[in-house]
Amino acid sequence: MKINDFLRYMECEGLKKVVLTKRENINYFLGKYFPFFSVLVFEEKPILYVGELDLDYAKDNLNIEVRKFTGWKEIFEGCDGVESELKIEFLKYLDNYKIVSEKLRELRAIKEKEEIEKIKKAAKISDKAMKYIIENPEGNEREKAIELEYLMRKEGAIKAAFDSIVVSGRKTSYPHALPEDREIRDILLVDIGACYEGYCSDITRTLLLNEREEFREIYNLVKEAKELVEDYLKEGVSTKFLDLKVREYFKEYEKYFIHSLGHGVGLEVHEFPTVSKKEEIILKENMVITIEPGIYIKDKFGVRLEDLYLIKKDGFEKLSKVTL
């Protein structure tokens with residue numbers, strides 16, 4: 001289905017040969033996680049080129065024609081379609097060409113049944129890890145991050161989907177920060193994801209370990225904003241509309257909401273569509289996105305809550321299910 005859709009696109013655009021080098025785009029068409037060097041070439045049919053060391057493994061494990069990679073000149077000969085991510089060093093092999101990345105983003109944004117099942121499995125894995133830290137929040141940031149990534153691997157993840165965020169105290173005022181060799185205290189922000197057979201999950205919880213009134217006030221505001229989005233979340237809704245709804249709800253705290261409301265998730269933990277006030281994208285059935293409002297008060301603390309959603313015609317299915 002995916003391959004045929006892309007071949008039809010090539011025919012409509014008059015493209016004779018498309019070369020893909022980005023791993024996630026290649027794995028999308030393979031339908032399997034293949035982490036080793038490869039190049040996917042579309043002509044009348046797709047052919048995967050791999051290094052000699054991985055030739056037998058690829059032939060035994062992938063349902064596609066596999067050939068040995070012998071050099072870039074052969075790969076790009078006659079090529080008229082490439083990705084926007086193509087390394088600049090390869091431009092010397094090209095003459096007239098079309099960027100095909102928009103079509104790839106469009107295809108990847110609408111998940112097929114097998115892709116959805118893999119994302120659901122990834123979400124279950126990260127849910128188990130999140131449940132563990134909710135029940136066991138005491139300890140050291142760095143050690144907790146290691147424990148969470150071990151638990152996800154133990155449950156079947158290939159790896160963490162990204163560098164785990166396990167930070168506490170004033171460091172929660174940064175949207176992104178790395179765990180350190182320091183004790184967890186006061187307030188704990190945990191943002192983790194699992195990569196299962198190449199597909200990602202993404203979930204964030206903020207734990208109030210010290211029931212200070214200002215912590216609870218901001219936490220409730222962020223929670224209510226996310227629940228507000230859920231009232232509107234379905235096919236046909238504009239991503240810009242959702243982002244602006246949250247900013248309007250935050251009122252005087254809007255200036256502390258310094259990132260987009262969410263993003264697509266799939267083979268990459270950040271992919272199309274972006275849920276942002278900067279771009280109006282209409283949600284479609286079987287897109288998978290995050291909704292993650294956050295408020296970050298500099299030098300004090302921050303709160304972010306993030307869940308993973310499968311868009312449906314008349315609503316959504318929440319894929320991350322851990323509750324506090």
Query raised in the report: Passes salt bridge (charged side-chain N to carboxylate O under 4.0 Å, His left out), Glu149 versus Arg153? Steps please.
Result: CA-CA 6 Å; Glu149 293 184 8; Arg153 291 289 295 267; over 6 Å; no
Query - Remaining members of the apolar cluster that contains Val19, side-chain heavy atoms under 4.5 Å - result: Phe37, Val39, Val41, Ile47, Tyr49, Phe69, Trp72, Ile75, Phe76, Val82, Leu86, Ile88, Phe90, Leu91, Tyr93, Leu94, Tyr97, Ile99
Report task. Decide yes or no on ring pair (Phe, Tyr, Trp, His ring centres under 6.0 Å) for Tyr296 and Phe301, but give the supporting numbers first. Result -> CA-CA 6 Å; Tyr296 311 91; Phe301 69 94; 9.9 Å; no
Requested in this report: Using a 4.5 Å cut-off on heavy atoms from C-beta on, say whether the side chain of Glu180 contacts that of Asn140.
Outcome: no
Requested in this report: Identify whether the distance between the nearest side-chain nitrogen and carboxylate oxygen of Glu117 and Lys113 falls below 4.0 Å.
Outcome: no
**Report entry** NZ/NE/NH1/NH2 to OD/OE distance under 4.0 Å, Lys2 and Asp5
**Finding:** no
Report summary line: What one should report as the nearest heavy-atom pair of Leu15 and Tyr9 is CD1-CE2, 4.1 Å
Report task. Let me see the working for Glu227 and Lys223 under side chain to side chain contact (heavy atoms under 4.5 Å, CB included), right down to the final yes or no. Result -> CA-CA 6 Å; Glu227 290 169 349; Lys223 182 173 181 288; 2.8 Å; yes
**Report entry** Test item: Pro293 and Arg304 side chains (from C-beta on) under 4.5 Å apart, heavy atoms
**Finding:** no
Query raised in the report: In this structure, are over 12 heavy atoms from other groups packed under 6.0 Å from Glu183 atom CD?
Result: yes
**Report entry** Salt bridge present between Arg108 and Glu268 (N-O < 4.0 angstrom)
**Finding:** yes
**Report entry** Charged N-O contact under 4.0 Å between Lys22 and Glu85
**Finding:** yes
Report summary line: Between Ala225 and Phe250 the two heavy atoms that sit nearest each other are CB-CE2, 3.6 Å
Report task. Check step by step if side chain to side chain donor-acceptor pair (under 3.5 Å) holds for Ser168 and Glu141. Result -> CA-CA 8 Å; Ser168 66; Glu141 290 178 359; 3.0 Å; yes
Query raised in the report: Where the side chain of Glu285 meets the backbone of Ile311, is there a donor-acceptor pair that is under 3.5 Å apart?
Result: no
Requested in this report: Can you establish whether the number of heavy atoms outside Glu89 located under 6.0 Å from its atom CD is more than 12?
Outcome: yes
Query raised in the report: Would a distance-only check, ignoring hydrogens and angles, find a side-chain to backbone donor-acceptor pair under 3.5 Å from His263 to Phe272?
Result: no
**Report entry** Intermediate values then yes/no, side chain to side chain contact (heavy atoms under 4.5 Å, CB included), Ile158 and Tyr196
**Finding:** CA-CA 6 Å; Ile158 294 168; Tyr196 177 78; over 6 Å; no
Requested in this report: Run the numbers on Lys171 and Arg182 for side chain to side chain contact (heavy atoms under 4.5 Å, CB included), then give the verdict.
Outcome: CA-CA 11 Å; Lys171 284 173 62 183; Arg182 62 199 290 267; 3.3 Å; yes
**Report entry** Neighbour count above 12 (heavy atom, 6.0 Å) for Asp60 CG
**Finding:** yes
Report task. Measure from the side-chain N and O atoms of Thr239 to the backbone N and O of Glu279, and report whether any donor-acceptor pair falls under 3.5 Å. Result -> yes
Query - Atom CD of Glu214 with >12 non-hydrogen neighbours under 6.0 angstrom - result: yes
Query - Min side-chain heavy-atom separation Lys300-Ser173 under 4.5 Å - result: no
Requested in this report: Using the six-membered ring of Phe257, assess whether NZ or CZ of Arg247 lies under 6.0 Å from its centre and within 45 degrees of the ring axis.
Outcome: yes
Query raised in the report: Yes or no on side chain to side chain donor-acceptor pair (under 3.5 Å) for Ser101 and Glu83, after CA distance, side-chain angles and deciding distance?
Result: CA-CA 5 Å; Ser101 295; Glu83 302 144 302; over 6 Å; no
All N/O donor-acceptor pairs, side-chain side in residues 317-324, below 3.5 Å, sequence neighbours left out:
unit_1 : atom_1 : unit_2 : atom_2 : d
Glu317 : OE1    : Lys120 : NZ     : 3.4
Glu317 : OE2    : Lys120 : NZ     : 3.4
Lys318 : NZ     : Glu230 : OE2    : 3.0
Ser320 : OG     : Asp307 : OD1    : 2.6
Ser320 : OG     : Leu308 : N      : 2.8
Lys321 : NZ     : Lys318 : O      : 2.7

Query - From Asn27 atom CG to Glu24 atom CD, the distance as rounded to the nearest 0.5 Å - result: 7.0 Å
Query raised in the report: Looking at Glu106 and Lys103, does any basic side-chain N land under 4.0 Å from a carboxylate oxygen?
Result: yes
**Report entry** Electrostatic pair Lys111:Glu271 at N-O distance under 4.0 angstrom
**Finding:** yes
Query - Steps toward side chain to side chain contact (heavy atoms under 4.5 Å, CB included) verdict (Glu235, Met287) - result: CA-CA 9 Å; Glu235 181 179 67; Met287 284 181 167; over 6 Å; no
Query raised in the report: Nearest 0.5 Å, what's the CG-CD1 distance between Leu148 and Ile165?
Result: 12.0 Å
Query raised in the report: Do Val190 and Ile192 touch side chain to side chain, with heavy atoms closer than 4.5 Å?
Result: yes
Query raised in the report: Which atom pair, heavy atoms only, marks the closest approach of Ile289 to Pro273?
Result: CG2-CG, 3.9 Å
Report summary line: Taking every heavy atom of Ser260 against every heavy atom of Thr274, the minimum-distance pair comes out as OG-CG2, 4.0 Å
Query raised in the report: Hey, does the Lys NZ or Arg CZ of Arg212 hover above the aromatic six-ring of Phe215, less than 6.0 Å from the centre and inside 45° of the axis?
Result: yes
Query raised in the report: So, are Glu306 and Lys226 salt-bridged, with charged N and O less than 4.0 Å apart?
Result: no
Report task. Work out which heavy atom in Leu55 is nearest to a heavy atom in Lys68; give both atom names and the distance. Result -> CD1-N, 3.7 Å
Query raised in the report: Parallel under 30°, tilted from 30 to 60°, perpendicular over 60°: which one fits the rings of Phe29 and Phe6?
Result: tilted
Requested in this report: Report yes if some heavy atom in the side chain of Leu283 is under 4.5 Å from a heavy atom in the side chain of Leu233; otherwise report no.
Outcome: yes
Query raised in the report: Side chains of Arg170 and Asp299: closer than 4.5 Å at any heavy-atom pair?
Result: yes
Query raised in the report: Does Arg216 count as lying over the ring of Tyr219, i.e. NZ or CZ under 6.0 Å from the six-ring centre, within 45 degrees of the axis?
Result: yes
Requested in this report: Decide yes or no for Leu7 and Glu11: does some side-chain heavy atom of the first lie under 4.5 Å from some side-chain heavy atom of the second?
Outcome: no
Query raised in the report: For Gly14 and Asp80, which heavy atoms make the closest approach, and how far apart are they?
Result: O-OD2, 3.9 Å
Query raised in the report: In terms of heavy-atom contacts, does CZ of Phe36 have more than 12 from other residues, nucleotides or ligands at under 6.0 Å?
Result: yes
Requested in this report: Considering only NZ, NE, NH1 and NH2 on the basic side and carboxylate oxygens on the acidic side, decide whether Lys144 and Glu147 come within less than 4.0 Å.
Outcome: yes
Query raised in the report: Taking side chain as C-beta onward, heavy atoms only, is Ile187 less than 4.5 Å from Leu207?
Result: no
